[in-house]
Structures are given as C-alpha cells and as structure tokens.
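A quick write-up on the structure given underneath.
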Amino acid sequence: MKLEQKLFTGKTLAILSGGGDTPAINHSIESIRNRASLLGYKVFGIRNGWKGLLGDGDIVDLTNQPYDGWYGGTALRSSRTNPFPSKKNPESRVPQVLANLNRYKIDVLVTIGGDDTNGAAKRLFETEGIPVIGFPKTIDNDLRTRTLHKYKGEKIESVLCPGFPSAAKAIAEFTAKIRTTAESHSRIIVLEVMGRDAGWLTGSAVFGGGCLGLVPEYEITKERKEVFFERVKETYLSSPKKYLVIPVAEGVRWYDEKTGKVDVVYASPEVDEYGHPRFGGISGIIASELSAALGIEARAQISGYYPRSGHCRKYDRRLTSALADKVVDLLLREDYGQMPVLKNIVPFMELEEFNTTSIDMGAIGNKCLPEEYYNIQNFSFTETYLNFLSNILEKPENEDFRYDFPVVIPE
Ligand code: F6P
C-alpha cells in the first residue's frame, strides 16, 4: 500500500531549549526532529529559548537539515527568559509569544528544559491552550520524573533526566583524574560540583574514587561541622594512601563562624528571571577550614561547567532516543501537556520505548536526593545510590597505581 500523505503534512512543530545547557540537548533536538519529520511535520527550531518567541521571533528551519546530535550544548542556543512576569521582569511577554506562535503558524511546541522552562510551557498549555510537549533536561537531575528505582525489594521514587548521565560520567572521570594529584601530595581535595539545590550530581564523584560527600539537602550546622571534621580525619588517616577527594555540592548550606548562620555561598546575589541566584565558592571555605582544624593540607577544586560541557555520552544518546519515541506516541494521540519520562531506572540495554511513559506536566516540579541515597550520619552516599548510578555509568573509574615499593632501611 502506498501512503498518499503523511499524517501531519501541512503542520509545523517547533522545538526550543531553555535553561542551563547539557551535553544531551542536541541529541534530543535531532531525535525529536527526525521522528516528527517522519510523521510529516515541518520542524522549526526556536533560538535562545523563550526569547526566540519575543519581538519578531528568531526561528530557523530544521526540516531536512543535517544535524550533529552527538555534539554537546545546544545549537538552538539557550536563555533563562521567562515569558511570565517575574520580579526581575514584571511585564508579561505571553502576548508576544502567542503572536509569534500564530505568525509562524506553529501547531505544536516541544520545550526541552528543566522545571523552569517546562513550568512556563505548562502554564501556556493550561492558560492559553497551546499544544505543548515538555522534554526533560538537566544536569542537576532534580526535575521530578517519577522514575522508579527498584533495589533489594525497595521501590524508591528516583529521577533520571537527559543530561545527567553525561554529566555524571564527566564528574566520575574528573574525580578519577584529580585523585592522582591529591595522591602525589597526600592532600585532601574538596571538589565542588554543580547541581543547585540537589546533590544528585555530587554523588557521581564516588564513581571516580571520591570519598564522603556533602549535599544541599542536609545543612551543616555548627554541631554537624565538628562531626564532619572528625569523620574526614578518620577517613583520611585510615585511607591506605593518605589522600582524599571529597565531593561537595555547590549549594551546601554551611555554618559560618563569623555570622553564626548556616547559609549557601553565592557567586553572585543577582537572580535570573526564575528567581535563582548563582552559587559558587563553598569548596574554598571548606578546604581552608579543614586545613586549619585537622592540620592536613587541603585544596579546593571547582569542577564548574566541566560536567555540562562536551559531547553526549552513550547512555544519554539512547535515553533521548527512547524518550523521543514516546513523543511520537504523544503526537499521534494529540496528547499535549505531557512530558515523556523513563518508567524505571534501567541499564543501557533496556532503554527502549516500552520502558518509557509520560506524566502530566501539571505534576512536574523539583525532586531532591531521596533519603535512601544518602547517609546523614556518615556524610556519604549509600549503596542504594551506587546501585542507581551503576545502571547509568556501569562501572567505576577506579584505576590505581598498583605497586608498593619496599622501604630501604640503611644498614
Ligand atoms: O541548572 C543547571 C546549572 O548548571 C546548575 O547546576 C548551576 O547552579 C547553574 O545552572 C549555573 O547557571 P549559569 O549557567 O547561569 O552559570
């Protein structure tokens, strides 16, 4: 039978990416574009997130164009523009967005983003009836996807967002690398990791040989700080090679002796249009306090944009493809206001469409690290967290210098 016309011929689907970039956005765009094209859609790319729908619009045609999905970042560029009124920008830009959706004849909008971008998309769907599909994205992994993690008879509400697997792999590799310099100098390196208010990404340093860890979910009060110092000392002294890499989340809330308050360290007090300040610098404070308290040399290292940069890793390529398959299902059923997600935490081989589902965008929001993943008493990530990560990263980066030399004693 010859198909006379594809189902959605004459219709246009547009894709935008908003918020912090990840290595998996281009692969998401390419995967969605390819599938939507097969259904007959013309596919547009909106540049710079919601900003591309303001003014005269900034739109490119992705239909039948070559695309490098493995290349990191987002070729459509990104911004933290909020179409809805915010403290920073009290004027609503929704009328401009609606005018451009109409002017460019966009029938369906796919928004690749975290809670902010998809939260705005959800509001447009609810208040203006715009057909939207949200596509998850964040290295912070804190966008509630309602993905189940089954381990030792327990069912834990976990999260798995495209971008996190590549970022986690990068942090594991980064940690494995800086271990060698920590080892050469018998130092403690305090490794600061992005993730805003969640410690999902910080934990991946353990797969590169990181020990202990501090996350934003549990604040470090005056009392907890003393216990933490003790714990670091014990761990350092009992480590066979006398060095440590301790991952700490950029959003750790830490007791400040001078102010007597527990607070995060801000890189800038400026907030974006979604009300987020920028964090940065906690590792320097922790390293100098550790040195002073323990008499062990400690240094700070900020991993910064490293996990957000570079090419899309294999787990992310497969994950974005499986979620894009689910987008096809949503498009065919014209089921908008939905976000495709992974049903269960599964290893690479099981990343298939049958393992995905979709959730109502009204149910999205933030999800911090589950309590099953972090041991507050020990300041460490649990076996359950490591099992979660082993599905995504497979094996730890645990190369070690293998030889020990006999000590020479003068005769
Ligand atoms: O949300 C992603 C993220 O990388 C956070 O981990 C980090 O706090 C923030 O973005 C940094 O934002 P910017 O790109 O504005 O420096």
Side-chain angles (χ1 to χ4, degrees), residues 16-26 28 48-51 72-74 76-82 86-89 111-121 134-145 159-172 174-175 191-205 213-217 247-254 263-285 300-310 312-313 316 364-369:
L16 66 79
S17 56
D21 73 341
T22 82
I25 303 182
N26 276 330
S28 305
N48 294 305
W50 292 110
K51 201 172 179 187
T74 165
L76 291 180
R77 308 292 167 96
S78 187
S79 73
R80 297 194 194 271
T81 304
N82 186 352
S86 63
K87 261 198 184 152
K88 196 161 183 187
N89 178 66
T111 53
I112 302 175
D115 188 31
D116 296 333
T117 305
N118 284 322
F135 199 88
K137 166 242 61 153
T138 164
I139 61 157
D140 302 344
N141 206 43
D142 61 347
L143 173 66
R144 187 161 226 152
T145 55
V159 175
L160 192 46
C161 287
F164 174 75
S166 301
K169 182 84 182 155
I171 286 294
F174 191 93
T175 312
L191 175 66
E192 184 169 326
V193 181
M194 279 192 172
R196 206 159 255 158
D197 301 309
W200 292 92
L201 188 58
T202 301
S204 56
L214 294 179
V215 294
E217 284 82 351
V248 302
E250 61 172 1
V252 163
R253 288 168 295 146
W254 181 257
D263 206 355
V264 291
V265 176
Y266 296 95
S268 154
E270 273 258 317
V271 293
D272 65 18
E273 291 188 11
Y274 291 91
H276 303 299
R278 266 191 308 116
F279 301 150
I282 184 70
S283 54
I285 295 172
Q301 171 75 58
I302 300 184
S303 56
Y305 295 106
Y306 184 77
R308 247 167 70 169
S309 317
C312 183
R313 309 293 183 113
D316 257 333
I364 63 174
N366 285 123
K367 173 97 179 84
C368 285
L369 201 64

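Because the structure is predicted, anything quoted here is derived from the model rather than measured. Starting from 1, each residue takes its place in the sequence as its number. For ligands, and for the atoms within them, numbers begin at 1 and follow the listed sequence.
Rounded to the nearest 0.5 angstrom, Cys312 SG and Asn26 CG are separated by 8.5 Å.
Neither the backbone nor the side chain of Phe279 comes within contact range of ligand 1; no heavy atom lies under 4.0 Å. Only side-chain heavy atoms of Ile139 come within less than 4.0 Å of ligand 1; its backbone N, CA, C and O stay farther off.
Looking only at heavy atoms of the protein, atom 1 (O) of ligand 1 is closest to Asp140 OD2, 2.8 Å.
Look at Thr138 and you'll find every heavy atom at least 4.0 Å from all atoms of ligand 1. Contact analysis leaves His276 out of contact with ligand 1, as no non-hydrogen atom separation drops below 4.0 angstrom.
Here the shortest heavy-atom pairing between Leu143 and Lys137 reads CD2-N, 4.3 Å. Nearest approach of Ile139 to Pro307, heavy atoms of both residues: CG2-O, 4.3 Å. Among all heavy-atom pairs drawn from Glu217 and Arg253, the shortest one is O-NH2, 3.5 Å. Scanning all heavy atoms of the two residues, the minimum distance from Ser28 to Ile112 falls at CB-CD1, 4.0 Å.
The distance criterion of under 3.5 Å between nitrogen or oxygen atoms is not met by Gly20 with respect to ligand 1. The N/O atoms of Arg308, backbone and side chain alike, include one that comes under 3.5 Å of an N/O atom in ligand 1.
Ser79 and Asn48 are not linked by any side-chain donor-acceptor pair at a separation below 3.5 angstrom, with hydrogens and angles left out of the test.
Here the shortest heavy-atom distance to atom 8 (O) of ligand 1, taken over Met194, Glu250, Arg196, Arg80, belongs to Glu250.
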